[in-house]
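Shown next, in structure tokens, is the structure this report addresses.
Residue numbers start from 1 in every chain, and the chains themselves are labelled A, B, ... in the order their sequence lines are given, proteins ahead of strands.
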Amino acid sequence: MNCEKIQELLLTDYIDGQLDPKWKSEVDNHVAGCVACREFAATARKTAVEPFLRAETFRPPEQVWMNIKGTALAGQKVPPDPLAEFWQRVSEFIHVPRPAFAFAVVLIMAVMVGGLTRLTVKPKIDPTGQIEYLSALLDPVSDPLADEENGLGTSVEQYFL
Amino acid sequence: MQDITDEIIVKAAGGDLEAFEFIYRATSGFVYNVAFRVVNNRQDAEEVTQEVFLTVYNKLNSFRFQSSLKTWIYRVTANAAINYAKRVSKDHKHMELDEQITAGPQEANDNISKEHNEKVVTALLDSLNPDQRACVVLRSIEGLSYQEIADALGININTVRSRLKRARETLLSMRDEVMTNEL
């Protein structure tokens, strides 16, 4: 193997301990006899591997778990209430527009108030008999003057005579 | 990772919050770590972690026990973190790169402080694209094998090798830049 291939392995499998023992032995032998590859291996390990081996590890703050828990709890479904569902279906079936409903209520109340008002009003007493007279005038059958002493019985006769 | 039994998984899949919390406590460490290293920002990492565990909570009932739960959660995490990192603007990346490399005390090679090492790690990861970053993090920080990385990312094992190779070539070129700044 030439230096280019060796250095490719030095950057990957060799440096990561992933190399098959047979190939590792071959690389070891080459590196032992090649200054350039030996220096390359040392630099690659120092620059590309060792800083990460010394890297700190971190844990997330507790707030992260609180946020996850809160979201998970919020997403859990609540079992449906059968009674609430029933009323929901009823209200959907009987659909009454609200403005029309309000108008109907007002109308009914007006009629009721009007009816109650008539029942509570008392008829006026007429001392001169005027109402009775006017009623009789409006009645085509009755003759308001039919009961006088000098009358001939009918208003027509009275008129011409 | 604490022992997560199949019984716990089944309970959590059924909506048992206590069982799910057990899974969270056992796995949130590596989830947050991977998320943080891929998105390179704590606030974003918290958001990604929440997204991952809500996905786990909602999709756990479709987990078929064909792979280990850890591999499955790694897959969800890597996908979420990479997608998030790709969505975020990269404009700030180059400014932070210079700050990370040049700031901090000059330490001897054998006595690199934790703080300085963190700055170096951040700068190195910042120089990679999200796909390469995920491979480097899963390999060099999380210690997954090439096959485990391939399973977690849903890619071919040779694609893992290819991404690691390109990522490390970029890191080596970064080293030259660091050396130039320090001199």
Side-chain angles (χ1 to χ4, degrees), chain A residues 1-21 23-24 27 31 36-80, chain B residues 15 17 20-21 24-25 28-33 35-37 42 45-47 49-54 56-58 109 112 114-118 120-125 136-137 139-143 145-147 157 160-176 178:
Chain A
M1 261 195 286
N2 59 24
C3 288
E4 191 184 333
K5 293 289 180 196
I6 292 289
Q7 287 180 11
E8 222 174 274
L9 285 173
L10 288 173
L11 268 187
T12 54
D13 297 66
Y14 183 86
I15 211 171
D16 288 326
Q18 305 280 302
L19 204 57
D20 187 84
W23 290 105
K24 186 178 179 302
V27 172
V31 167
C37 287
R38 194 160 56 244
E39 283 181 1
F40 183 84
T43 305
R45 195 182 301 278
K46 188 178 165 188
T47 305
V49 176
E50 284 176 5
F52 300 106
L53 297 180
R54 287 192 294 267
E56 278 190 77
T57 54
F58 304 96
R59 289 204 68 86
E62 188 60 18
Q63 189 57 44
V64 171
W65 167 244
M66 300 310 293
N67 294 343
I68 292 165
K69 187 179 171 184
T71 308
L73 282 171
Q76 281 182 350
K77 289 181 183 174
V78 178
Chain B
L17 215 53
F20 179 63
E21 186 177 357
Y24 173 83
R25 299 287 175 204
S28 59
F30 73 75
V31 169
Y32 182 74
N33 229 27
F36 172 62
R37 294 300 182 186
R42 282 188 203 277
E46 288 172 21
E47 220 172 292
T49 302
Q50 285 179 33
E51 185 187 320
V52 166
F53 280 101
L54 287 172
V56 168
Y57 183 73
N58 290 322
N109 287 341
I112 298 174
K114 270 190 181 178
E115 195 185 327
H116 181 66
N117 191 69
E118 267 310 300
V120 170
V121 167
T122 303
L124 292 175
L125 290 174
V136 168
V137 167
R139 175 60 221 142
S140 300
I141 298 180
E142 294 295 314
S145 68
Y146 283 16
Q147 188 57 57
I157 194 170
V160 174
R161 269 193 191 91
S162 167
R163 286 184 187 174
L164 280 172
K165 176 176 165 282
R166 291 207 178 96
R168 285 164 175 169
E169 283 169 347
T170 303
L171 298 182
L172 284 175
S173 69
M174 281 285 299
R175 179 189 172 274
D176 294 338
V178 170

Yes or no on side chain to side chain contact (heavy atoms under 4.5 Å, CB included) for Tyr24(B) and Val64(A), after CA distance, side-chain angles and deciding distance? CA-CA 11 Å; Tyr24(B) 173 83; Val64(A) 171; 3.7 Å; yes

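- No more than 12 heavy atoms of other residues, nucleotides or ligands lie within 6.0 Å of CD in Glu4(A), so this atom counts as exposed by the packing criterion.
- If you measure heavy-atom distances from Arg161(B) to chain A, the contacts under 4.5 Å come from both the backbone and the side chain.
- The shortest non-hydrogen separation linking Thr49(B) to Ile68(A) is O-CD1, 4.4 Å.
- In this structure, the separation between CZ on Arg166(B) and OG1 on Thr12(A) is 12.0 Å, given to the nearest 0.5 Å.
- Under the 4.5 Å side-chain criterion, counting only non-hydrogen atoms from C-beta, Arg168(B) is in contact with Ile15(A).
- Pro60(A) approaches Ser28(B) most closely through the heavy-atom pair CD-O, 3.8 Å.
- Of all non-hydrogen atoms in Ala48(A) and Ser140(B), the two that sit nearest each other are O-OG, 4.2 Å.
- Residue Val136(B) touches chain A through its side chain alone, counting heavy-atom pairs closer than 4.5 Å.
- Looking at Gln18(A), its side chain does come within 3.5 Å of a backbone N or O of Tyr146(B) through a donor-acceptor pair.
- We find that Glu115(B) and Arg54(A) are not joined by a salt bridge, their nearest charged nitrogen and carboxylate oxygen being 4.0 Å or further apart.
- For a residue to count as touching a neighbouring chain, one of its non-hydrogen atoms must lie under 4.5 Å from one of that chain's; by this rule Glu21(B) touches chain A with backbone and side chain alike.
- The minimum heavy-atom distance linking Leu172(B) with Thr47(A) is given by the pair CD2-CB, 4.0 Å.
- Of the residues considered (Arg139(B), Glu46(B), Gln147(B)), Arg139(B) shows the highest number of contacts with chain A, using heavy-atom pairs under 4.5 Å.
- Both tests pass for Arg42(B) against the ring of Phe58(A): distance under 6.0 Å to the centre and angle within 45° of the axis.
- Here Ile141(B) is the residue among Thr170(B), Ile141(B), Val137(B) with the most heavy-atom pairs under 4.5 Å with chain A.
- The main-chain N or O of Glu56(A) is found under 3.5 Å from a side-chain atom of Glu118(B) such that the two form a donor-acceptor pair.
- Counting heavy-atom pairs closer than 4.5 Å to chain B, the top residue among Asp16(A), Leu53(A), Thr57(A), Thr43(A) is Asp16(A).
- In this structure, no portion of Gln7(A) lies under 4.5 Å from any heavy atom of chain B.
- Interatomic distance, Gln50(B) CD to Thr71(A) OG1, rounded to the nearest 0.5 Å: 6.5 Å.
- When all heavy atoms are compared, the tightest approach of Arg59(A) to Arg25(B) is NH2-O, 3.3 Å.
- Nearest approach of Asn117(B) to Ala55(A), heavy atoms of both residues: ND2-N, 3.8 Å.
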